[in-house]
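What follows is a set of notes on a single structure, which appears directly below.
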Amino acid sequence: MDSKIFNLKAKLEVYKAMSGGANFADCPIRDVIQVINGKWSSLLVMALAEKPYRFGELRRLVPDISQRMLTQTLYDLQRDGYVHREVFATKPPSVEYSLTDLGRSMFGPLQLLIQWAEFNHDAVRKARAAFDVAQA
């Protein structure tokens with residue numbers, strides 16, 4: 001992919017051509033962002049950027065995530081190469097999750113977005129409220 005292409009229309013044409021012209025199945029933006037954009041992914045990546053965590057520690061750290069969603073999100077992050085899962089031969093076996101080099105390289109840009117979200121949260125909430133009032 002030529003990094004000099006900045007025009008969205010041109011990029012979409014390239015992605016469409018990559019997938020045989022039928023659709024945008026090979027769109028790298030959607031393909032990569034899909035997992036990072038998950039409801040729990042950014043919180044888990046933030047935690048793992050601090051240090052490796054065991055499953056139970058992550059569950060306590062994010063108390064409103066279900067065990068099933070934590071398992072699925074970690075699996076998805078592991079599948080995409082952001083998270084490493086290490087099993088220790090203890091009784092019972094313990095599992096620890098940590099960021100890979102790819103995960104750490106992704107965290108820098110993600111951290112900027114997280115900071116932007118924290119800084120602009122009130123403005124977004126006010127915009128939503130104003131929009132909802134105007135729609136009613």
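Sequence positions, counted from 1, serve as the residue numbers for this chain.
At least one donor-acceptor pair closer than 3.5 Å links the side chain of Asn120 to the backbone N or O of Trp116.
Applying the side chain to side chain donor-acceptor pair (under 3.5 Å) test to residues at least two apart or on different chains, the pairs with a partner in residues 44-70 are Glu50-Tyr53. Note on residues 125-136: no pairs pass side chain to side chain donor-acceptor pair (under 3.5 Å), not counting sequence neighbours. Sequence neighbours left out, not one pair with a member in residues 83-99 passes salt bridge (charged side-chain N to carboxylate O under 4.0 Å, His left out).
Listed here is the closest heavy atom pair of Val35 and Asp80: CG2-OD2, 3.2 Å. Heavy atoms only, all atoms of each residue included: Ala47 and Leu58 are closest at CB-CD2, 4.1 Å.
Side-chain heavy atoms closer than 4.5 Å link hydrophobic residues (I, L, V, M, F, W, Y) into clusters, and following such links, even through other members, never connects Leu113 to Val45. Note on Met46: it does not cluster hydrophobically with Leu112, by side-chain heavy-atom contacts below 4.5 Å among ILVMFWY residues. At a threshold of 4.5 Å between side-chain heavy atoms, the hydrophobic network of Ile, Leu, Val, Met, Phe, Trp and Tyr places Leu110 and Val32 in one connected group. One hydrophobic cluster, built from ILVMFWY side chains closer than 4.5 Å, holds both Leu102 and Leu74. At a threshold of 4.5 Å between side-chain heavy atoms, the hydrophobic network of Ile, Leu, Val, Met, Phe, Trp and Tyr places Phe55 and Val87 in one connected group.
Applying the side-chain contact (heavy atoms from CB on, under 4.5 Å) test to Gln111 and every residue at least two apart in sequence or in another chain returns Phe107, Gln115. Every residue meeting the side-chain contact (heavy atoms from CB on, under 4.5 Å) condition with Thr73, not counting sequence neighbours, appears here in chain and number order: Trp40, Ser41, Leu44, Met69, Leu77. Scored by the side-chain contact (heavy atoms from CB on, under 4.5 Å) test, Arg104 finds Leu99, Asp101 as partners (sequence neighbours excluded).
Taking a 6.0 Å sphere around CZ of Phe88, one finds it holds more than 12 heavy atoms contributed by other residues, nucleotides or ligands.
Proximity of His84 to Tyr97: side-chain heavy atoms (C-beta onward) are nowhere separated by under 4.5 Å. Side-chain contact check for Tyr82 versus Leu48: every heavy-atom pair is 4.5 Å or farther apart.
Put simply, CG on Asp76 and CD on Gln34 are 8.5 Å apart, with the number rounded to the nearest 0.5 Å.
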